[in-house]
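Structure record follows, encoded as C-alpha cells.
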2 protein chains.
Amino acid sequence: MISARVASMAGKESETVPDDGASGAAGVDPEQLWLRSAERRRGRRPSFSREAITAAAVALADAEGLDAVTMRRVAAEVGAGVMSLYSYAPDKETLLELMVDHVSGELPTTNPLTGDWRADLKAIAHLQRAHMLRHPWLPAALATRRTPGPNTLAFLERALAALRPSGLDGAARLEVFAQLTAFVAGHVSHEITQAAAARSPDRSAAEARYLAAVAADGHHPELAEALASTGRPLTPEATFTRFLNRLVDGLDAD
Amino acid sequence: MISARVASMAGKESETVPDDGASGAAGVDPEQLWLRSAERRRGRRPSFSREAITAAAVALADAEGLDAVTMRRVAAEVGAGVMSLYSYAPDKETLLELMVDHVSGELPTTNPLTGDWRADLKAIAHLQRAHMLRHPWLPAALATRRTPGPNTLAFLERALAALRPSGLDGAARLEVFAQLTAFVAGHVSHEITQAAAARSPDRSAAEARYLAAVAADGHHPELAEALASTGRPLTPEATFTRFLNRLVDGLDAD
DNA sequence: CCTTTATCTCGTACGACGTACGATAATAGA
DNA sequence: TCTATTATCGTACGTCGTACGAGATAAAGG
C-alpha cells in the first residue's frame with residue numbers, strides 16, 4: 001500500500017471500478033500537509049508540536065490499539081484541550097497519516113545494499129513485517145492512507161534503489177514495491193488476527209468445536225481431511241518467508 | 001483472510017506478537033451464530049428475517065460504502081425499528097460477518113475443475129478479485145472477520161478440492177488458500193484506492209504536483225527516474241495476473 | 001377459556017465520537 | 001499602543017452503537 005498513489009502516477013491505468021468501499025472522495029492536500037514552510041512570524045506561540053502529538057497518538061495505538069486513538073484521548077495524553085489538536089492537523093484522518101509516516105521513520109534507509117536485488121528485496125520485506133508487528137495497527141491504517149510523507153518516501157527511495165539491478169523499468173519497480181507492501185500488510189494482518197485469537201482460549205475452543213462440527217457434517221470432506229492433517233506446526237515466520245521467496249524469485253525483467 | 005481462523009487450527013503456531021491493533025478480544029460465538037437451530041416454538045412471530053436485514057445491509061454497502069452501513073440506516077431500509085435488528089444479530093460486528101458470508105454465496109462452487117490445479121487456483125483467485133471489485137467494501141470487512149460462515153466454507157471446500165492434485169498436505173493447502181485470499185484482498189484494496197483517486201481530478205493533480213516537487217528536490221533520484229519512466233500503462237488486471245502467476249507457479253509440494 | 005412463559009418490537013436514553021463555532025489569550029509588526 | 005495574526009480550548013451539535021424496559025404477540029399448560 002505504501003506508494004499506492006505513487007505507482008499510479010507512472011503509466012496511468014484504465015478499467016473502471018465501482019464506488020469506493022470505505023472512504024469519501026475528500027482527503028487531504030498533500031502539498032499543504034507535507035510541504036508547508038515552517039516559518040511563523042506573528043501570533044501566539046504554539047504550546048505543543050505536531051511531533052509530540054503524533055508521537056502520543058502512536059504510543060496510544062501501540063499500547064491499546066487503533067480504536068483507542070480518539071482526539072480526546074490524544075489531547076489528554078499531551079495535556080492539551082481537544083480542539084487544540086486541530087491547529088496541528090486539520091482532522092483525524094490526517095493525524096493517522098502523520099502517525100504512519102512517523103513510525104516509518106524507524107525503518108533504516110542507509111544500511112548497505114548487497115547488489116543481489118532479490119536478497120535485498122526480501123530483506124526489505126522482512127523489515128516491513130517486523131515493523132508492522134511492532135505497530136500492529138499499521139496494516140489497517142495503511143488501507144486508508146492517501147499520500148506518502150517524507151519518511152515513507154525515504155524508504156520507498158531505498159526500495160527503488162535496491163531494485164535498480166533488476167532491470168525492471170521505473171514504473172514496474174514502483175509497482176513491485178507497492179504489491180510487495182500490500183502482500184506484507186495482508187500477511188501481517190492475518191498473522192496478528194491468528195495470534196490474537198490464540199491468546200483467548202475460550203474463543204479458540206469454541207471455534208475449534210464449530211469447525212469440527214462442520215467437518216463432521218459430511219458435506220465438507222476436504223475440510224475434514226485438512227483439519228485432521230498432522231503436519232508439523234509452521235511458524236508464521238516460516239510461512240511468510242516461503243511465500244515471500246516464491247513471490248520475489250518469480251520476478252524478472254522478461 | 002478467508003479461512004484465517006481455519007488455517008490456524010491445523011498445526012497451531014507459536015511466536016508471540018504484540019497486542020492486536022484494531023479489535024478487542026470479545027468477538028462472536030461461531031457455534032451460536034451459524035449452527036443454532038431454526039426451530040421456534042413460542043413467542044411472537046418475527047416480522048423480518050436475518051436474510052432480509054443482511055441483504056439490505058449489503059445493498060447499502062454496495063451503493064454507498066461501508067460507512068453508510070449504520071444500524072439506523074439498515075433498520076430504515078428494512079422498515080424496522082433500530083433496536084429490532086438486535087433480535088437478528090447481537091451486534092454490528094456480527095452483522096458484518098453475516099454480510100461477508102451473504103455475498104460469498106455468489107461465488108460458484110459447482111463449476112468443473114480441470115485437474116490442472118495451478119490453473120484452477122488461478123481461476124479461483126480471479127473469481128475472488130471480481131467478487132471483491134463487485135463489493136468494494138469486502139477487503140476492509142475481511143480484515144475484521146472472525147469465523148467463516150456456510151457460504152464461505154463451501155467456497156473454501158471448493159478451493160481445497162482444487163488443490164488436492166498439488167500433493168500439498170491439508171495444513172499446507174489451508175495455508176495456501178489463506179495467503180492467496182490475503183493477497184487478492186491486498187491487491188484489490190490497492191486497486192480500489194487507485195481507481196477512487198483517479199476519479200477525483202483535483203486530488204490527483206495535487207498529488208502529482210506534490211510528487212513532482214519531491215522528485216525535484218534532489219534527494220529522491222530513484223523516485224524521479226521512476227516517475228519519468230514512460231512504460232506503456234498497465235491495466236490493474238494485467239498487474240494482478242502477473243503477480244498471481246508468480247505466486248502460484250512458485251508453489252509446489254516439496 | 002385464561003394464565004404463564006417465551007419471544008419479538010422498538011421508543012427512549014446514555015455515553016462516546018469527530019468537529020464547527022467563537023470567545024479569549026498571546027505575540028509581532030506598525 | 002494599536003492592530004493583525006495565530007493558538008488555545010469550552011461549549012455544543014449531530015451521529016454513532018447499544019442497554020433498558022415496557023408493550024405486543026404467540027404457543028403451552030391448566
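Each chain gets a letter, A, B and so on, in the order the sequences are listed, and its residues count up from 1. Heavy atoms only: backbone and side chains are in, while hydrogens, waters and symmetry mates are out.
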Inset, instruction - With heavy atoms under 4.0 Å as the rule, sort A:S87 into base, sugar-phosphate or nothing. - result: base

Legend entry - Side-chain touch B:V69/B:V58, heavy atoms, less than 4.5 angstrom: no

Inset, instruction - With the side chain counted from C-beta on, respond yes when A:L85 and A:F48 share a heavy-atom pair under 4.5 Å apart, and no when they do not. - result: no

Inset, instruction - Go through the structure and list residues passing ring pair (Phe, Tyr, Trp, His ring centres under 6.0 Å) with A:H126, not counting sequence neighbours. - result: A:F240

Inset, instruction - Pick base, sugar-phosphate or nothing for B:Y86, based on heavy-atom distances below 4.0 Å to the nucleic acid. - result: base

Inset, instruction - Tell me which of A:G79 and B:M71 sits closer to the 5' end of DNA chain D, going by the nucleotide each one is nearest to. - result: A:G79

Inset, instruction - Using atom NZ of A:K92 as one end and atom P of D:dC16 as the other, report the distance to the nearest whole Å. - result: 16 Å

Legend entry - Side chain proximity check, A:L180 to A:Q128, heavy atoms < 4.5 angstrom: yes

Inset, instruction - Answer whether the closest heavy-atom distance between the side chains of B:F183 and A:F243 falls below 4.5 Å. - result: no

What does the list of N/O pairs under 3.5 Å between the protein and nucleotides 13-15 of chain D look like, with a distance for each?
none

Inset, instruction - For residues A:F177 and A:I124, determine if any side-chain heavy atom of one lies less than 4.5 Å from a side-chain heavy atom of the other. - result: yes

Legend entry - Parallel, tilted or perpendicular: ring planes of B:H131 versus B:H135, cut at 30 and 60 degrees: perpendicular

Inset, instruction - May I have the distance from A:L85 (atom CG) to D:dA7 (atom C1'), rounded to whole angstrom? - result: 12 Å

Inset, instruction - Measure from the side-chain N and O atoms of B:E157 to the backbone N and O of A:L223, and report whether any donor-acceptor pair falls under 3.5 Å. - result: yes

Inset, instruction - Please work out if B:A75 contacts a base, only the sugar-phosphate, or nothing of the nucleic acid, heavy-atom cut-off 4.0 Å. - result: nothing

Legend entry - salt bridge (charged side-chain N to carboxylate O under 4.0 Å, His left out) against B:R73, all qualifying residues, sequence neighbours excluded: B:E64, B:E77

Legend entry - Positive for side chain to side chain contact (heavy atoms under 4.5 Å, CB included) with B:S104, one of B:L156, B:T152, B:T109: B:T152

Legend entry - Heavy-atom side-chain proximity of A:D101 to A:W34 below 4.5 angstrom: yes

Inset, instruction - Compare all side-chain heavy atoms of A:D29 with those of B:Y210 and state whether any distance is below 4.5 angstrom. - result: no

Inset, instruction - Compare all side-chain heavy atoms of B:I53 with those of B:V74 and state whether any distance is below 4.5 angstrom. - result: yes

Inset, instruction - Tell me, please, the opening and closing nucleotides of DNA chain C, 5' to 3', among those with an atom under 4.0 angstrom from a non-hydrogen atom of chain A. - result: C:dC17 to C:dG29

Inset, instruction - At under 4.0 Å between heavy atoms, which parts of nucleotides 20-30 of chain D does protein reach? Answer with one letter per nucleotide, 5' to 3': B base, S sugar-phosphate only, - none. - result: B---BBBBS--

Legend entry - Watson-Crick and G-U pairing of DNA chain C, under 3.5 Å, as dot-bracket with | and [ ]: |.|||||.||||||||||||||||||||||

Legend entry - Residue met sooner reading DNA chain D from 5', once B:P90 and A:V82 are mapped to nucleotides: A:V82

